[in-house]
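All residue numbers refer to positions in the sequence shown, counting from 1.
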Amino acid sequence: MVELSAAAYHVQAFNQYQRLIDDKWMWAFTIAMIFDLITGMIKPYYAHKTSQKTNSSKGIPGLIKHMVVYLVVAIVYPYLYTIGAQTMATTFLAAFTYQYAISVIENWTEMGWWLPKSVMDFFEAKLAKDQQDYNPADYNFLGKKKGGNKNG
């Protein structure tokens, strides 16, 4: 008979999922995602070009993508903790939080809203890239280029 010194895995996993409510990284991720959704929904009302105005074909697929990302994070993040990969779990969640934070800043600046110069300089110098060749209309809701990739 084998004696287990630690709790069974399903108990560890359940406990880790319960701890999500108090996890600071999960809160940061959730808040960043909510701000991204809000700024993304407000942004079309500040758009000057018709192609950037509200488009109902983008709304539902966008919400579905956000829900899928949230579910993946809510499942994978605690799982990584239970298998002893805490650093990987934190890095995984920080990467998603970072992407949503960048999206919030992009939405914010595209609406023409004010940000402190130090914040703008940081994002322009370190994070932002000019993507003159990128047009969101060229991609489907899964991020794949429509009609194949003809230019590279």
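- By the 6.0 Å contact criterion, CG on Leu71 is enclosed, its count of non-hydrogen atoms from other residues, nucleotides or ligands being greater than 12.
- Clustering ILVMFWY residues whenever any of their side-chain heavy atoms sit less than 4.5 angstrom apart, transitively, puts Val68 in the very cluster that holds Tyr79.
- Judged as a side chain to side chain contact (heavy atoms under 4.5 Å, CB included), and not counting sequence neighbours, the contacts of Met88 are Leu80, Ala85.
- For the side chain to side chain contact (heavy atoms under 4.5 Å, CB included) test, residues two or more places apart in sequence or in another chain that qualify with Gln16 are Arg19, Pro78, Tyr81, Thr82.
- Panel note: side chain Trp25, backbone Thr91; no donor-acceptor pair is recorded below 3.5 Å.
- Side chain of Thr109 to backbone of Glu106: a donor-acceptor contact under 3.5 angstrom is found.
- Atom CG of residue Leu93 and atom CG of residue Leu20 lie 9.0 Å apart, to the nearest 0.5 angstrom.
- Tyr98 is listed as a side-chain neighbour of Ile102, based on a closest heavy-atom distance under 4.5 Å.
- In the hydrophobic cluster analysis, where Ile, Leu, Val, Met, Phe, Trp and Tyr join through side-chain heavy atoms closer than 4.5 angstrom, Ile75 is grouped together with Tyr100.
- In this structure a side-chain-to-backbone donor-acceptor pair under 3.5 Å is present from Trp108 to Trp114.
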- Message: What verdict does the ring-ring contact (aromatic ring centres under 6.0 Å, His included) test give for Phe96 and Phe92, after you've listed the backbone C-alpha separation in whole Å, the side-chain angles of each residue and the deciding distance to 0.1 Å?
- Response: CA-CA 7 Å; Phe96 276 100; Phe92 172 78; 5.1 Å; yes
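- Distance CD/Glu110 to NZ/Lys43: 4.0 Å, rounded to 0.5 Å.
- Within a 6.0 Å sphere centred on CH2 of Trp113, heavy atoms belonging to other residues, nucleotides or ligands number more than 12.
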Would you tabulate the side-chain donor-acceptor contacts of residues 30-41 under 3.5 Å, counting partners in other chains and residues two or more places apart, or write 'none'?
from, atom 1, to, atom 2, distance (Å)
Thr30, OG1, Met26, O, 2.8
Thr30, OG1, Tyr70, OH, 2.8
Asp36, OD1, Ser103, OG, 2.4
Asp36, OD1, Asn107, ND2, 3.2
Thr39, OG1, Phe35, O, 2.9
Thr39, OG1, Asp36, O, 3.3
Thr39, OG1, Asn107, ND2, 3.0

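- Contact of the Val72 side chain with the Tyr77 side chain is not registered, since no non-hydrogen atoms from C-beta on lie closer than 4.5 Å.
- Between Phe29 and Gln99 the shortest side-chain heavy-atom distance does not fall below 4.5 Å.
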